[in-house]
Visitor: 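First the structure, which I've put down as structure tokens, then a few questions once you've had a look.
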Number of protein chains: 2
Amino acid sequence: MRNNESVYQFLEHLNGIQPLGLEAKNAIAGLCTTVRINKNKDLQSIGQTCKTIYFVKEGTARIYYYKDGKEVTEFFAFENDLIIRAESLFASMPSHKAIQAINDTIFIAIPAEQLFLLFDRFHDIERLFRKIVERSYVDTVNRLESLQFNSAVERYNLLLQHSPEVVRKIPLKYIASFLGITQVSLSRIRAATP
Amino acid sequence: MRNNESVYQFLEHLNGIQPLGLEAKNAIAGLCTTVRINKNKDLQSIGQTCKTIYFVKEGTARIYYYKDGKEVTEFFAFENDLIIRAESLFASMPSHKAIQAINDTIFIAIPAEQLFLLFDRFHDIERLFRKIVERSYVDTVNRLESLQFNSAVERYNLLLQHSPEVVRKIPLKYIASFLGITQVSLSRIRAATP
DNA sequence: CTGATTATTTAACATTTGTAAAAGGAATCG
DNA sequence: CGATTCCTTTTACAAATGTTAAATAATCAG
């Protein structure tokens with residue numbers, strides 16, 4: 001029952017992005033399962049090909065990978081956010097990235113192949129998904145711009161402005177690599193900004 | 001007639017991404033116009049809201065903006081590439097970026113609103129566009145990864161590997177800011193790499 | 001072809017950011 | 001509660017990149 005309640009709320013969220021007919025809603029609901037992952041545990045691990053589309057129902061999560069033996073956090077997801085390793089899912093290639101729960105987190109999981117099949121039957125569902133991908137694309141373009149020529153201080157301040165919840169909820173070691181800097185640098189910046 | 005020939009070839013390219021019915025093809029063709037822009041001239045200028053979807057038919061183009069009075073190149077487009085200011089088009093907000101022809105360039109222009117209307121009548125067209133946006137999204141995620149923690153040398157070498165045509169065809173001053181570094185830095189890197 | 005403009009490289013120095021190691025703080029678990 | 005572990009900050013120094021200016025090199029217009 002809990003699961004059904006979660007999925008129902010989630011569908012309402014989707015309906016806000018793109019109005020869906022009852023049949024379409026039911027079709028999506030039929031594919032949704034909920035997955036609970038404990039703090040610091042991986043939902044998807046490095047080397048897997050991403051075949052599932054996840055949304056965060058409750059909690060916080062991140063995508064990370066290793067660069068020269070060090071962890072790099074690429075992305076944070078909060079309630080209702082889509083979390084996928086796009087470069088793997090859309091190209092059907094193994095990912096060198098992992099998805100991890102930062103706190104105890106509940107995900108909604110939708111098998112990608114089965115969702116894509118629904119696109120043929122429900123135009124609305126394909127439209128919904130198109131809009132979701134468009135949003136993710138825009139977010140990524142904006143982050144790219146920030147990484148391209150803003151200084152570390154500017155990037156930190158922009159993050160404070162646009163996503164204060166990140167700075168409140170997420171360990172600084174993850175935020176540092178998300179901003180493309182080391183933990184030491186981030187500490188320096190925080191010490192300098194009163 | 002020249003225009004029609006261009007558009008026909010372009011439709012074949014689209015058909016390779018997502019097979020389209022004859023009616024759908026004709027509907028798209030009806031929206032396509034070709035635009036010639038001379039070298040170093042802007043196709044779309046800063047401050048405009050992006051309401052047109054462009055593809056490069058012939059030539060090369062870029063997206064650029066100003067950061068602290070200096071030009072930053074965000075994106076390059078070659079033959080058949082989509083070139084849009086996504087953060088403006090998908091959010092209907094004025095863009096602080098411009099689209100410019102690097103050489104004399106022919107663009108194919110599609111009015112966004114009218115294309116979006118076709119989505120209702122032709123499922124295939126919405127699917128095509130979804131796939132195109134997905135590809136752009138994946139490209140952007142990969143660039144983001146490169147900017148986040150690769151050194152300038154690594155970013156330059158990756159560009160050489162993955163997009164040698166960029167280094168061959170595009171002025172180094174544009175490439176430098178595309179890589180998130182200054183022209184001086186790029187020169188140093190090239191001098192060090194024999 | 002020549003002068004003028006634009007693009008690229010080089011040099012010297014300043015600033016930012018990284019690295020490694022240590023010290024403080026905070027959270028966690030028995 | 002106390003000990004352990006993990007997170008964050010600080011310090012000192014090294015490396016990478018930026019800045020400004022000047023020197024070449026390449027391109028373009030007349």
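Throughout, a chain's letter reflects where its sequence line sits, starting with A, and its residues are numbered from 1. All values below were derived from every heavy atom in this structure, side-chain atoms included, with hydrogens, water molecules and symmetry-related copies excluded.
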Visitor: Given the rule that I, L, V, M, F, W and Y join up when any side-chain heavy atoms are under 4.5 Å apart, are A/L186 and A/Y174 in one cluster?
Guide: yes

Visitor: How close or far is atom C1' of D/dA16 from atom CD1 of B/I189, stated in whole angstroms?
Guide: 10 Å

Visitor: Please report, rounded to the nearest Å, how far the C1' atom of D/dG18 is from the CG atom of A/N150.
Guide: 15 Å

Visitor: Can you see if the side chain of B/R190 gets near the phosphate of C/dT8 - specifically, an N or O under 4.0 Å from OP1 or OP2?
Guide: no

Visitor: Give every pair of a protein N or O atom and an N or O atom of nucleotides 28-30 of chain D that lie under 3.5 Å apart, one pair per line with the distance.
Guide:
none

Visitor: Give a yes or no on whether a salt bridge exists between A/E74 and A/R143, defined as a side-chain N under 4.0 angstrom from a carboxylate O.
Guide: no

Visitor: Go through residues 154-188 of chain B and report each residue with a non-hydrogen atom lying under 4.0 Å from DNA chain C, sorted by number.
Guide: B/P171, B/L172, B/K173, B/Q183, B/V184, B/S187, B/R188

Visitor: Taking the six-membered ring for Trp, are A/F55 and A/F107 closer than 6.0 Å centroid to centroid?
Guide: no

Visitor: Would you call the rings of A/Y64 and A/Y66 parallel, tilted or perpendicular if under 30° counts as parallel and over 60° as perpendicular?
Guide: perpendicular

Visitor: Quick check on D/dG18: is either OP1 or OP2 less than 4.0 Å from any side-chain nitrogen or oxygen of B/K70?
Guide: no

Visitor: Measure from NZ or CZ of B/R190 to the centre of the six-membered ring of B/Y156 and say whether it is under 6.0 Å with the direction within 45° of the ring axis.
Guide: no

Visitor: Can you label the angle between the B/H123 ring and the A/H123 ring as parallel, tilted or perpendicular, going by 30° and 60°?
Guide: parallel

Visitor: Is the B/F129 ring parallel, tilted or perpendicular to the B/F119 ring (thresholds 30°, 60°)?
Guide: tilted

Visitor: Indicate if B/F149 and B/V141 have the same hydrophobic cluster label, given that clusters are the connected sets of ILVMFWY residues with side-chain heavy-atom separations under 4.5 angstrom.
Guide: no

